[in-house]
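The analysis underlying the following values was restricted to heavy atoms, covering all of them including side chains, and did not include hydrogens, waters or symmetry mates. Remember, predicted model here, so these are calculated numbers, not experimental data. Sequence lines set the chain letters: A, B, ... in the order given, protein chains first and strands last, and positions in each chain run from 1.
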Amino acid sequence: MIITLLTDFGLKDNYVGVMKGVILSINPSISIIDISHSISPHNIKEAAFVLHNSYEYFPSKTVHVVVVDPGVGGRRKPIVVKTKKYFFVGPDNGVFTHIYENNAKVYEIKNSAHFLAEPSSTFHARDIFAPVAAHISKGVDVSQIGKKVSSYERFEIEKPEISEDKITGKIVYVDRFGNLVTNIPKDVITKKLSTILIKDEVIDKINDSYDESKKGTLLAIIGSTGNLEISVNQGSAKNFLNITEENLTNIKIYIII
Amino acid sequence: MIITLLTDFGLKDNYVGVMKGVILSINPSISIIDISHSISPHNIKEAAFVLHNSYEYFPSKTVHVVVVDPGVGGRRKPIVVKTKKYFFVGPDNGVFTHIYENNAKVYEIKNSAHFLAEPSSTFHARDIFAPVAAHISKGVDVSQIGKKVSSYERFEIEKPEISEDKITGKIVYVDRFGNLVTNIPKDVITKKLSTILIKDEVIDKINDSYDESKKGTLLAIIGSTGNLEISVNQGSAKNFLNITEENLTNIKIYIII
Amino acid sequence: MIITLLTDFGLKDNYVGVMKGVILSINPSISIIDISHSISPHNIKEAAFVLHNSYEYFPSKTVHVVVVDPGVGGRRKPIVVKTKKYFFVGPDNGVFTHIYENNAKVYEIKNSAHFLAEPSSTFHARDIFAPVAAHISKGVDVSQIGKKVSSYERFEIEKPEISEDKITGKIVYVDRFGNLVTNIPKDVITKKLSTILIKDEVIDKINDSYDESKKGTLLAIIGSTGNLEISVNQGSAKNFLNITEENLTNIKIYIII
């Protein structure tokens with residue numbers, strides 16, 4: 001059995017290590033896998049996107065714990081989400097938005113018998129989410145942990161605009177190499193010899209591999225999420241195009257049909 | 001059985017990975033958990049504080065390895081500390097100061113049969129501490145590893161000053177979110193409607209949760225260590241108050257009684 | 001059984017977590033250990049050096065996965081390297097150069113039955129290397145995975161120049177503490193009271209431990225790789241000598257015999 005962790009806690013502090021101690025104290029035989037702890041602080045949409053591109057690579061019955069939780073200790077509900085194959089544990093603030101696209105049941109966590117004693121108001125990851133996940137991984141039924149709810153938070157997932165002559169997309173994620181992941185899935189791209197526009201740059205086709213383009217050149221490729229990515233062969237598209245956290249959301253990618 | 005690792009090695013180099021290889025070569029069935037590897041280089045007090053807030057979340061018999069070790073290869077002793085529930089392995093330089101607050105027996109590591117062959121003088125974590133921890137996790141008695149000593153290094157733990165009209169504390173840790181952890185434990189705080197002073201700022205109560213305060217506002221709250229923390233809702237108190245590594249130790253927090 | 005991972009993926013993204021999900025889906029009982037994910041992007045020689053100083057600390061039969069792979073999806077072959085004790089999985093671009101110094105058999109990965117379905121062209125770590133490593137860890141014979149090849153990529157390992165009156169070496173790695181690891185192995189250093197020159201600095205002996213030198217002083221020591229290192233006691237030799245990524249490769253270290 002596996003529990004995965006996806007948070008904005010970083011790796012400087014002991015927060016992730018302590019969550020693991022709590023989990024192993026309850027279920028000593030569990031494997032705990034880090035998906036990432038470097039979500040930008042409080043960035044719910046980024047966590048939702050990373051979860052969306054991660055959870056299906058894990059075996060059936062995996063419990064995915066997601067803690068990006070600016071409202072910790074306040075009115076937002078702690079929840080468990082159950083799908084056909086997986087469990088998800090975290091705050092009800094939209095981090096599970098993509099999961100709700102398929103059939104999912106949502107339970108508000110209620111039963112403090114499955115919490116640490118005297119939960120803090122600042123670290124529910126340690127005091128509520130980790131122990132609840134550990135109990136689920138041991139086979140405790142979600143009906144014993146909380147009660148089913150029909151109302152929960154989700155945000156609108158921005159889809160690309162498709163018109164007669166072009167597809168207009170956005171950048172939804174920038175990775176460590178400076179690859180720009182767009183929200184344009186490969187299914188809507190009808191031909192490889194498309195013209196792609198981003199800022200003042202023109203790219204004249206969609207590559208099959210990075211090295212079809214010269215080192216240092218801007219290129220387009222279907223990335224590992226299945227979406228179009230803008231990249232630079234052995235370089236950073238983020239630096240090439242001067243993409244910053246600030247201008248990121250305003251940049252549009254056009255595929256001319 | 002679990003071995004935890006807490007070091008200032010960072011995650012850039014192979015140091016942590018190699019320690020794990022050494023441990024698994026001796027005890028293949030052990031679980032190894034990282035508490036943190038981002039202690040500021042050579043910062044013994046920071047490591048001691050993080051250990052203090054971590055070790056009790058792990059199951060009984062866990063072996064905690066702590067390597068912040070500026071004196072590696074020199075005269076400082078390698079030691080094992082044994083408490084009722086846990087073992088601790090590392091250098092005798094004060095990193096276990098908080099552990100000594102309760103009953104603890106200290107052993108100087110002597111028996112090189114439990115080391116890697118030909119230990120280096122720069123990487124005792126790999127050559128001495130990791131293999132010794134692995135042997136302890138397999139049940140080797142500490143009396144076979146070293147001999148009990150009654151003299152060992154510890155530093156003075158700074159407690160808050162409590163006078164008739166105020167409590168005066170210090171910042172002892174800054175986390176990834178910019179929360180400022182003080183040395184003022186919740187037990188000494190008698191009422192929630194206290195006035196708190198830090199630099200030129202006045203905070204008029206202790207919150208029950210972050211979101212009692214507006215986004216971007218400075219607030220006080222009992223944090224996950226059980227001590228008072230100065231925070232900003234969805235922001236960084238460190239940035240808000242211009243806290244740097246340099247001015248950190250001079251800043252005082254006053255609670256007016 | 002153990003699989004290790006050594007990549008330039010960083011820990012910001014979900015790439016490493018997803019590789020682990022793929023591995024555990026195939027072999028649920030495997031231990032996965034991170035050697036490092038902070039190799040400088042696309043730096044094959046750095047990965048080769050770190051692998052060289054890591055792999056032998058792991059138990060026999062360990063499968064080492066190395067993915068620093070600027071040519072992913074292009075013409076470079078995916079390979080498995082088999083030595084007497086270990087398996088190595090990754091791209092044929094020189095990352096296994098040091099492994100070839102001893103007896104090693106090299107196999108081009110061919111059998112897509114051991115891949116994820118529909119491999120991407122940008123993330124072979126997830127789609128090819130992780131599942132192949134997992135299958136090897138379960139006992140699948142390399143002859144079922146690919147076919148033996150006699151031609152593969154390797155780079156020339158720079159050895160120090162040894163003349164009558166001096167040894168001339170280079171810096172091959174800089175660690176998190178700013179220690180400068182040279183390519184001069186301890187076997188070629190005949191005496192401890194040697195004069196060492198680096199930039200405009202003179203060091204007059206090789207230390208037995210850091211604390212033989214005063215805090216903040218430049219020193220030479222045999223480091224944990226067995227090679228000469230230039231360090232500063234409780235400081236950074238990198239900062240002391242103003243070493244940058246750019247000037248690094250031009251700096252020479254002389255030991256006067």
Side-chain angles (χ1 to χ4, degrees), chain A residues 1-2 4-6 8 10-11 16 29 31-40 46-47 49-62 64 173-179 181 186 206-213 215 219 221-227 229 231-236, chain C residues 2-3 5 7-34 36-44 67-76 78 91 93 116-131 134:
Chain A
M1 289 288 291
I2 297 166
T4 77
L5 305 180
L6 174 61
D8 61 355
L11 292 172
V16 173
S29 67
S31 291
I32 307 172
I33 299 295
D34 301 305
I35 290 182
S36 171
H37 299 290
S38 301
I39 299 298
S40 313
E46 187 183 320
F49 180 79
V50 172
L51 176 66
H52 175 53
N53 290 299
S54 307
Y55 73 97
E56 293 185 297
Y57 291 98
F58 287 82
S60 189
K61 307 281 179 202
T62 294
H64 296 289
Y173 189 78
V174 181
D175 80 3
R176 118 98 151 183
F177 297 97
N179 297 311
V181 184
K186 64 180 168 197
I206 297 171
N207 277 23
D208 280 323
S209 71
Y210 293 124
D211 77 354
E212 272 177 32
S213 297
K215 192 169 161 174
L219 61 89
I221 194 164
I222 303 301
S224 62
T225 64
N227 285 8
E229 291 185 17
S231 301
V232 164
N233 186 15
Q234 296 184 53
S236 163
Chain C
I2 296 166
I3 290 177
L5 306 180
T7 78
D8 61 356
F9 292 168
L11 292 173
K12 169 179 136 47
D13 306 309
N14 67 346
Y15 300 144
V16 172
V18 162
M19 286 180 75
K20 293 178 182 175
V22 169
I23 289 168
L24 289 165
S25 297
I26 295 165
N27 187 350
S29 67
I30 197 84
S31 291
I32 307 172
I33 300 295
D34 301 305
S36 171
H37 300 290
S38 302
I39 299 298
S40 314
H42 314 307
N43 192 330
I44 292 165
V67 193
V68 174
D69 192 11
V72 59
R75 281 155 303 175
R76 66 97 190 95
N93 61 16
L116 286 206
E118 298 179 50
S120 69
S121 64
T122 61
F123 196 9
H124 285 186
R126 175 191 70 189
D127 302 335
I128 297 178
F129 300 129

Practice item. Using only heavy-atom distances, determine whether the side chains of Asn14(C) and Ser54(A) contain a donor-acceptor pair under 3.5 Å. Key: yes
Using every non-hydrogen atom in the two residues, find where [X] and [Y] come nearest and quote the distance to one decimal.
X	Y	answer
Val72(C)	Ser209(A)	O-CB, 4.2 Å
Ser224(A)	Thr122(C)	N-OG1, 3.3 Å
Gly17(C)	Phe58(A)	O-CZ, 3.2 Å
Pro59(A)	Gly21(C)	CD-O, 4.2 Å

Tell me, side chain or backbone of [X] under 4.5 Å from chain C's heavy atoms, or both, or neither?
X	answer
Asn207(A)	neither
Tyr173(A)	side chain
Val174(A)	backbone
Leu5(A)	neither
Ile2(A)	side chain

Could you give the distance from [atom1] ([X]) to [atom2] ([Y]), rounded to the nearest 0.5 Å?
X	Y	atom1	atom2	answer
Ile33(A)	Met19(C)	CD1	CE	12.0 Å
Lys20(C)	Ile35(A)	NZ	CD1	10.5 Å
Ile32(C)	Ser31(A)	CD1	OG	8.0 Å

Within a strict 4.5 Å, meaning less than it, do heavy atoms of the [X] and [Y] side chains meet?
X	Y	answer
Phe9(C)	Asp175(A)	no
Tyr15(C)	Arg176(A)	no
Leu11(C)	His37(A)	no
Tyr210(A)	Ser121(C)	no

Exercise for review: Sort Leu116(C) into side chain, backbone, both or neither according to what part of it lies under 4.5 angstrom from a heavy atom of chain A.
Suggested key: side chain
Check your understanding: Can you say whether Arg126(C) sits under 4.5 Å from chain A via the side chain, the backbone, both, or neither, judging by heavy atoms?
Key -> side chain
Review point. For the side chain of Ser120(C) and the backbone of Ile222(A), is there at least one donor-acceptor N/O pair under 3.5 Å apart?
Key: no
Study note, to complete from the structure: Counting heavy-atom pairs under 4.5 Å with chain A, the top scorer among Leu24(C), Ile26(C), Asp8(C) is Asp8(C)
